[in-house]
Each structure stands twice: as C-alpha cells, then as structure tokens.
Protein chains: 2
Amino acid sequence: MAHTGIHSQPVRSCLLLVVVSVWVQQVDGVWPLPQQLDQSADRNSLSPQRFSFIYGRDSAAQTGCSVLDAAFKRYFSIIFPDFTKGSGLLMSENKSIRYTSVSSVTTVSTIVSCFVVADNLSVSEGQAVLRSVTVWGALRGLESFSQLVYQDDYGSYFINKTEIVDFPRFAFRGLLLDTSRHYLPLHAILKTLDAMAYSKFNVFHWHIVDDPSFPYQSRTFPDLSNKGAFHPFTHVYTQSDVMRVIEHARMRGIRVVPEFDSPGHTLSWGKGQPNLLTPCYKGDVPSGSFGPVDPTVDTTYKFMESLLKEVKFVFPDSYVHLGGDEVSFACWQSNPNVRTFMEKMGFGKDFTKLESFYMESIMNMTAALNRTSIVWQDVFDYRERIPQDTVLEIWKGETYQAELSRMTQAGHRVLLSAPWYINHISYGQDWRNSYAVQPQNFSGTEEQKKLVIGGEVAMWGEYVDATNLNPRLWPRACAAAERLWSDEEKTLDADLAFPRLEKFRCELLRRGIQAEPLFVGHCKHEYDGL
Amino acid sequence: MAHTGIHSQPVRSCLLLVVVSVWVQQVDGVWPLPQQLDQSADRNSLSPQRFSFIYGRDSAAQTGCSVLDAAFKRYFSIIFPDFTKGSGLLMSENKSIRYTSVSSVTTVSTIVSCFVVADNLSVSEGQAVLRSVTVWGALRGLESFSQLVYQDDYGSYFINKTEIVDFPRFAFRGLLLDTSRHYLPLHAILKTLDAMAYSKFNVFHWHIVDDPSFPYQSRTFPDLSNKGAFHPFTHVYTQSDVMRVIEHARMRGIRVVPEFDSPGHTLSWGKGQPNLLTPCYKGDVPSGSFGPVDPTVDTTYKFMESLLKEVKFVFPDSYVHLGGDEVSFACWQSNPNVRTFMEKMGFGKDFTKLESFYMESIMNMTAALNRTSIVWQDVFDYRERIPQDTVLEIWKGETYQAELSRMTQAGHRVLLSAPWYINHISYGQDWRNSYAVQPQNFSGTEEQKKLVIGGEVAMWGEYVDATNLNPRLWPRACAAAERLWSDEEKTLDADLAFPRLEKFRCELLRRGIQAEPLFVGHCKHEYDGL
C-alpha cells in the first residue's frame, strides 16, 4: 500500500489555491460553490480527440505522480462520457447529423488544456491552467473543471471562459458510514468515496465496528470478526479490503479515519475476546449478559494497546477516532469488582469518573503511538481536562451551539456532526435543514471560531444498508458539503442554491451515483441501474 | 397481446380457494399470512433434479395455459436459486463438502410435487397439491409454496408438512405508481410488478400522466407526449411498452388500471392539445397561463371521448381511473366564458357544480364504453348522486373513517388509500403505521363494510424516481399487502409480524428486489446490486 509522506495531513496544513482559468459562459455553476467564480459568455469548444492534461514545465509534480496521473485518466472519462462509453457507430452517426445540419455547426476552436501544479499562473487562449500548492488542491480543481464542461444539443463539448480562485472554508469535511449495524459491501464504500470526491468531502470516517457486529478482520485478534461479524467470510473487511478502501480514498484526496468506539458500543467485541467486557450482575451472581469494556483490569488495556498498534499500522491517517459515547453505567454499577475498583480509586459513586479514567488511558496510548485522538462529546462533557490536541466531535442535537462555545473556550478543536445526522429522514426537501446550519454561529471569540475545524455528515446504519445507502446519501449530503467548503455569505439562500444542486444531482446520475431526486422533474441522463 | 376472457375480472368475481398441502415444519411463515396455516415439524427434502410441477389429471387448466406454464418456470428458479444461478463447479464442491461430512447428511426422500387446478384435494406423501378454482388463485398458492421452501446449512432444500387454506380478505389490493412527476423506466415498473406478485398485490394503478409530464404515447393524439413528455423519445411509454407492462402484470395475476386524471392535474396535456385547458384571465385579458380542462366547450368532450376510446382499446381492464381530484377553481373563476356558462347552467357561483357536471359527463362516457369508473373522493364530496357502480377512492388523510361511513352509506364501493401514502417517509419503522390501519373500522352496517372492496398503497412521485423507488416501496408496502390479504384478527400485533416480515424482506433481496432493511441485522443473501 502506498503510504507516502504526502498522505499524512494532506489538506489540513495547506492553503489551497486552485485557479481554473479558461475560455468559458456560466452554465449553472459548480457544487460546492467556489470561493471566487467569474464566468463570461464566451464559450469555446473542447475536442476529446485533441484534449490533453499535461503537467506544467515548472510543476513540482510530473508524470509519475500517481495521484494526478490517475486523476487525469478518471476525469477524462468524466468530462467526455460519450467518448469512452459510446459505440463507434453511434458516434459517427451523431457526427454526420451534426455536420450535415450546417446552420448549427459552430466553429470548433481547439482547446489544449494544461494543468500545472506550480506557483505561476498562465492564462492564454486555448488553455486552462490550474495552479495549486498541493496535489490535493489540484484534485479539487480538476473536479471544478469537470463541472464546467457541458454539451450542446448536438453533443459537442464546450467550456466558457472562467476564473476561479478556490479553497475550502473548513479543512475537515467528513462523512461517516456505519458498517456494524448493517454490513456494507466493499463496492458500496468505494462508490461512496467516488461521490464524496465529487462533493469535495475529504474525510471518510469509518465507524467500522459497534455493538451489532465486528466486520473488521484483525490480524492480531482474528476471533473478533470470526465470532463477532454477522458472518466470518461474507460480512467482513479483510486487510486487503481495508487497503483498497484507503488507496481508493487516497487517490481521491480523502483521508480514512477509522473509529474503534469503546468502552460502550462494544457488544460484538466480547464474542471473540473473552474477559474484555464487564459481566453484568443480578444481585450477587453474573446475569450472563455483558456491559461496556471492563476498565478495571489490566488485560483490557493490554488488549486495547495491541489493537491500537494494529490500527496505527493498518490506517496511515494521523487521526484515530476512539468513540467514548453513550456508555451505560448500569452494568458497571451492578458488578462488585467494578464497585471495589471505584472505591479504591476514590471515584465515589460517580461513574463518569470511571469512564474518564478509561478514556484517558486510551487517549494516552493513542498519543504514545503518535496519533491524534478524536472522541465524541461525552468524553469532554464528563471531564473538561483532556489532552489539548484531542479533537472533540459534537453529536447531541439541540444544544450544539452552547457545546461549541464550551469546547472552544477550553481550547479544543471541534468537529460538528449533530445537525448532519442524515440517517434521519423526513418527507420533502430536508437538505435545506443541513444547508441552513451555521457551524461558527455561536458565542465566542474569533480564535474560538477558528477551532471549529469542520464537520461530518453521519449516516448511521440502523435502517441503512446497500439497498438504500446511495439514494439516502446523495444529494442530501451535498448540502453539508457546500456548507463545509464554500463562503457562507455567498451560500445563505437555499432557493438560489436549488437549481445548481439540481444540476449537480443530474451530474451525479450521469456519473453513475444513485442520487435521488430533489423534486419533480427529470435529468437528461437518468439513473439506469437495475 | 393476449386479451382473454380470463383476464377481465380475474379476481373480483371468484372465491379463491388455495390449498397447499405438503410435508413441511413452519420455518417462519408466509407473507402475507394465509387465512389458515398449519405446519408440523416433519420436514422433507426437495431435489431440484427431481422436482416437477404438473397439472392434475382432472384440472381444467393443462399445459398450454400460458399463465401457469410461465409461473411454473418462474417459481422453479425462485424456489431453487442455486440450481439456476450456481456454477457447476461450486455446486459439486458444495456437494462434496456435504457428503464427506457424513453426520450431517439427512436422508433424502424425494418429493414429487404436483399442482392441480381442480376441485379435488389430494394429499399424499411426496406430493404437494394445490387446488384453486381460478388460475389467479393458483398463482397465489405457488407464491405461498415458494415461501415455504428453505435451505439448511448445507444448501439442501426442505419443506415441512403444511396445510394452508387461503383467500384474500379484499378483492382489490392495489399499488399506485406515478410516472408523471418523474419518469420511471420500463424495467422499474416490471420489477415493481414482480415484487407486487410476491406480496400478493393484484392491481397496478398506473397514474400515468399528470401536470408535470405526459409520458403516455397516444396513438390518437401523438402530440400529447411529443410535446407534453419530459422528452418525446427517452421519457415516454410507447404502445409496445404499455403492452409489455400489461402482459407482465397479467402473467402475475395483476390488473393494470390506468388513470387519466382530469379536469385538474392536466397542465402537461395542454402542450400537445391546444384549446383543451381553460385560459386563465387577469382582469379582462388572458394571462397566458392555463387552468383545468375547459368544461364549457364541446371540443373538450370530443377529445375526452376519443382518448377514453383509445384507453379502452389499449388497457383491457374493466376499470378506468378518471381522477377528479384537487381541481383549483381560481382559473375557471377568472375566465369570462366559464362565468357565462355557469350562469347559463344555473350553477350560480358554485364551481363544485361545474366540476360535477364535467365529471358526470366523463363517467357517462366511460359507462357507455362498458368500463367501470374509479374516481378520487372529491367527486363524491361535491355531489353525492353519482352513478352507483362508480368506485370511490379515499385519499384525504385524517377523516377517512367518516368518509368510509358516508360513502358506503350512499351505497358506493370504496377503495382506501389515505393511510397508505407511502411516499411520505419518516425515520424508523413506519411500516407499523400502515400495518395498524383497520379498513373496516368505521361506523356502518355489515352491508356497508362489504362495500370496502380494498385499498391502495400510493407512491406519489414528487421525490421518487428509479433511484429510490424500490427501497422506498419494499418492504414498506408489504405491511398494507398483509392488511389487505390476511385475517385482521390474526395480524393485529406488529411485533409478532416483525420477524416474519424481516424474513420476507430477506427473501425479497434474494429475489433481486432492492428492499431496504427494517432494522439492524443482516440477510444471508444481501443485495448485491451496483
């Protein structure tokens, strides 16, 4: 697996400067909206036969840069779908129709497009120049460029003169998939990564295990999936599967942040790892059921350390999500050993202290492995003093603004997910709710606002599997994608955004993403699945 | 197109008596639940190599009965998916695994199954006998039979001794698709018909045209779709498409009831049929926009008669749905010619009288064509005296019980759709709401209750096209399917029904229907689309 220096912190550290400058008329815009976009009505033809992506002479990246080489290939097919898909016969028939209908033929001025990853900006006729300080910025620019190309009624390709200066508002633009409540086949995950890249998401938060099943096939603890997955062969992610996901994501400028949520949400872990979970008691005897991870015994910490070492080895990203949410204390309370431990530690009857004790150990382990922890808000709610570089993720619905204030006040970096739980569905255009979220609209200083590093769309799996994942995600997740990328002042009006989102949804269909309709209407290229 | 006497009124007139009597253990039941089901733990093997469907010696239907011949072929593949899909290599590998693991091999007692469509009931070892007075009942019995067969861990097929006596509670078990707000490709409709048959729905209510588009390609008025469809070639149903839908449905015991909704919901009609719609006025001049069909001019009635004649010719079913809902009176009111007509007719300012006048004409036309009208409840609400054999369909939400009372009091047959608008989605297990509906729970005599001939699940198309149709329909529509088929007393408890519905949903997946999950979990055969 390619695990390059480039990959670690691909987007966080860089200021993206993506300039697409070509001869173009605004068709209907780009989703998410670029920071600056100027378009004229001058349109120029693009010929799939003569079009080319090339690296600029002064570009640091040159042929051999695998991410961009692959992106050029991918975007060529996206920009010219007929060129790659159409049958030769039909193509030539179209051409003959076109050239015999003389009045409709426009002069074809060839554009040789040229993408440069370098500092200089070059704009000249027949060329599009893309400048970016990182390959990841170049990927975003290619995406914008692909959305600018359109076809006329005769199938000819055009692009209007356009100037774009672009960069993301937030560095962390995540999407969570839950592969425990239902297993998602590999191709569903890869397809989601494709659509994420089209919307400029850059973090795949893989909530890979949870109570219902443990599909991650661990090399250190194979029994976790052998016994904890829905099926040890058909419903698991092998090491090779995980590598494919990471590599597919990396090629699209997407980081993969795995979540191994503990001490709660671990029922499935217990099947393959005896003595990990707390035995619940009924009176003086074990009831036979189990609670959260047992935080009172050394074996737990040894196990977690081995697991996290493997996770560090398998997942190259600098972040690891450690969970820490929704721990039920009833089972701990019922267990006499836990109660003894509480007494010994001086926790009294306050089980939040026990959870904090556990999470602190796990976070310290993670830091020792040179990884940055992300945890759910519960960890902060229980104990405000937690390692300063820990990223806190807000998931509780109604009070998220107050929580943003408190967390940033304490100096923590924050991710907002609460208003973007898009597994929750309702009738009608509920993307508008996601669109209306204002992540920095809370009481706090400018410094505090900067601590909001981004947010995540969460697609929890209670009612979602491969049958309905794609139409529930797309285009609904696009609303948060624009909120996380674009200038809020320029994207306040959902009614203004609507036709641009409709066009983008049709574009998703054309690219094979099963994106559901926003309202009555049709697309030129409808979904032809089945 | 086969347009047989059998097809007209296939189910309404008959008392279904479906008896499947075979050697079986209840695995998890049948969906929708049969009227009587007795199962024992005795299980017997089925060999795909030796299994056969045959017509009983005294059966009126014999080889050459196209509906049953095709059903035998279809259900063989459904019952033995591995036999038809599995590769030879894998099959023999499975077998070798099985036969080397001697302790697990059960004695294989061959069952030769025998389906008879006749009056006599024959039960003997190694045989399953299905008796029905109609071929349509035999189709339902085959479906039940297919749901009784299961595979053990080694892939062997089994069926337990079972006795079923079955018939539907309601004769009319419909599902509405809306192909105007979004176009649904032919394969999406055919797939829906497949799933309908699995759930024992028997009426496809095709809401084929409406305001947004007119995809029906009329032979009499080709401009209706040429100008009124989203696209005159990619977004239309040709005559051949319509025939395929009708024939696909007929083979599965499903009637196709087309709806040509007027005088409202007709905006798209106006594009290809000048002078059909009422020109709206602003003051003394036409505003350029159009309202409902113009009920004041002869040309309207001539057009409607020609259209309905074509509909009669194309759609063999005895029912035609004439719509009649949600007519906005503002445009009529603005038009001076309409106001003059109102005066002449003595309607005063009551536009409901004008709508009733129009609908009465259309219903009379339909009766003259020897077809039975179905209309939305508005027609009844405006004018209680309407032709007695007209079927009224209830769509307005909260007061449907009172409406049921009133309509049946007036002696009309009624269809209930209001509580089954399943285009309305909400988070969680909303199938339970559909399941809780009690269509005969209203104040009225026994005679009145009998006038409820059934109901319809409606999937309106504002937010639905081929991208999300299937997962929104299935398994949610199954709840209404059971309510319309099964004994209410035996199916009151949704919690009891839940595991059976979960199993049925997995079965739908296995049959290639993209049915979404009901809750956390997995199926042995997951959806493998994409």
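Any value given below was found using the heavy atoms of this structure, including those in side chains, with hydrogens, waters and symmetry copies removed.
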For this output row, return yes or no: ring centroids of B:H522 and A:H235 closer than 6.0 angstrom.
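Between B:H522 and A:H235, the centre distance is under 6.0 Å.
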Taking every heavy-atom pair that is under 4.5 Å apart, which of [options] has the most such pairs with chain B?
options	answer
A:K524, A:H231, A:Q429	A:Q429
A:E516, A:E462, A:R472, A:H182	A:H182
A:I425, A:D430, A:L469	A:I425

What do you reckon, is CZ of B:R74 surrounded by more than 12 foreign heavy atoms closer than 6.0 Å?
yes
Sort out for me which of [options] touches chain A most, counting heavy-atom pairs under 4.5 Å.
options	answer
B:S426, B:P185, B:G512, B:G521	B:G521
B:T234, B:L509, B:N423	B:N423
B:S180, B:P471, B:P212	B:P471

Is the shortest side-chain heavy-atom distance between A:P517 and B:N468 below 4.5 Å?
yes
Could you pull out the closest heavy-atom pair between B:Y527 and A:T467, with the gap in Å?
CB-CG2, 3.4 Å
So, taking the atom named CG in A:N470 and the one named CD in B:Q514, what distance separates them when rounded to the nearest 0.5 Å?
9.0 Å
Within this structure, what is the SG-CZ distance for the pair B:C523 and A:F230, rounded to the nearest 0.5 Å?
10.0 Å
Under 4.5 Å from a heavy atom of chain B, the part of A:L518 involved:
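Backbone only.
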